[in-house]
Amino acid sequence: MSLLDDVNRLKQEALQLISKADSLERLGEIHVKYLGRKGAITSILKGLKDLSLEAKKSVGAAANTARAELEENLAAAKERFGKTTATVSFDPTLPGTSSRIGVIHLAKQVIEEMCQIFYGMGFAIARGPDIESDYYNFEALNFPPDHPARDMQDTFFVEGNRVLRTHTTPLQARVLEQQQPPIKIITPGLCFRNEAISSRAHVAFHQVDGFLVDEGVSMADLKGALVAFCKAFYGEAVKLRFRPSFFPFTEPSAEVDISCLLCGGTGCQLCQQTGWLEILGCGMIDPNVLDMAGIDSEKYTGYAFGIGVERTTMLKYRINDIRLFFNNDIRFLRQFK
Ligand code: DAH
């Protein structure tokens, strides 16, 4: 083996070690081993003086190239570590800052729960625009122009005969126009009313309306559906009471009370000593509404109901101020996971 071979072998060996080096320290060791004062390449360079002129030339050239190449590689490798470790300005051994995962807003959670219950009963979901035409918000629901029942709705008017929908009931008119019975739909969504904001009222709130249209649908079907829903939502023990009421789009109309969630019906502050809490409006869809949508009211009948989401949720979770739903105070929202 010639010295020339030694130089090449040492160079290859060193390059290999450099490529495998996993720390700056290790690179330092490699430097010492090959290029240090007593390093392998250095020793060869030092011994050149004892060689023949010819060998001096060839071995010298090879050893110098090897040294230059190794230095270059060592420097490049150092940079590699420099980038990943030397400039790290944090302590990677410290525990990280965990980012908190948010919670789904309580109103959305409750809407989801209601939808799940109605899915189970065979209802499908329909959605529609928040900005609604006067026609669907009122007229198609049997509110004639100038009818005093419009006053009940405290409407926000938008230019061009449009309104912010005051309920999700307009979707009944929209769906009935597009589908033929049997129809079984719920319509969760945001509604708006021009009300003074207080602990009990807000300008925005959610409703889940529902309706069923088919042959031979009666008030008994409505009652069955609402009892099933309330038991699933409030618990088996809940009792329901139907009180006569009025809505332009249902005839007859009713409001439903449930037995007080706090006292169970004996009377307390929550139910104002009545034993009952009002939770929704409902009724049999007025034949006018069916006819206007092109559904034969001689053949088909339907029931409908509308649930106020925030109101129902406030009763279920004993929340005493509707504004909490809209303030986005995470101390409130985080309580409902
Ligand atoms: N839309 C009514 C409201 O906002 C609630 C309502 C009552 C909806 C009776 C219905 C219904 O579908 O049948 O006050």
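Not measured: the values here are computed from a predicted model. Whatever order the structure lists them in is the order used to number ligands and atoms, beginning at 1.
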What orientation do Phe143 and Phe249 show, parallel under 30°, tilted 30 to 60°, or perpendicular over 60°?
tilted
Phe305 and Phe118 aromatic ring geometry - parallel, tilted or perpendicular at 30°/60° bounds:
parallel
Ion pair Lys316/Glu113, N-O distance below 4.0 Å
yes
Phe325 and Val309, any side-chain heavy atoms less than 4.5 Å apart
no
Numbered atoms of ligand 1 (with element) below 4.0 Å of Thr250, judged on heavy atoms
13 (O)
Element-labelled atoms of ligand 1 that are located less than 4.0 Å from some non-hydrogen atom of Phe247:
7 (C), 9 (C)
Select one of side chain, backbone, both or neither to describe which atoms of Arg193 lie under 4.0 Å from any atom of ligand 1, heavy atoms only.
side chain
Closest protein heavy atom (residue, atom, distance) for atom 5 (C) of ligand 1:
Gly306 CA, 4.2 Å
For a salt bridge (charged side-chain N to carboxylate O under 4.0 Å, His left out) check, start with the C-alpha distance between Arg162 and Glu132, then their side-chain angles and the critical distance, and finish with the verdict.
CA-CA 6 Å; Arg162 289 182 184 275; Glu132 189 52 281; 5.7 Å; no
Using the side chain to side chain contact (heavy atoms under 4.5 Å, CB included) definition, which of the options Ile295, Ile285, Val217 pairs with Tyr300?
Ile295
Kindly confirm or rule out an N or O of Gly210 lying under 3.5 angstrom from an N or O of ligand 1.
no
Below 4.0 Å from any atom of ligand 1, is there a heavy atom belonging to Phe249?
yes
Heavy-atom contacts under 4.0 Å between Cys282 and ligand 1: side chain, backbone, both, or neither?
backbone
If you count the atoms of ligand 1 from 1 in the order shown, which ones are under 4.0 Å from a heavy atom of Gln207?
3 (C), 4 (O)
Check Phe305 against ligand 1 and report side chain, backbone, both or neither, counting heavy atoms closer than 4.0 Å.
backbone
Is the Phe326 to His202 ring centre distance short of 6.0 Å?
yes
Would a line drawn from the ring center of Tyr303 to the ring center of Phe211 be shorter than 6.0 Å?
no
Starting from atom 12 (O) of ligand 1, find the nearest protein heavy-atom neighbour and note its residue, name and distance.
Asp209 OD2, 2.8 Å
Test your reading of the structure: does Gln172 have an N or O sitting under 3.5 Å from an N or O of ligand 1?
yes
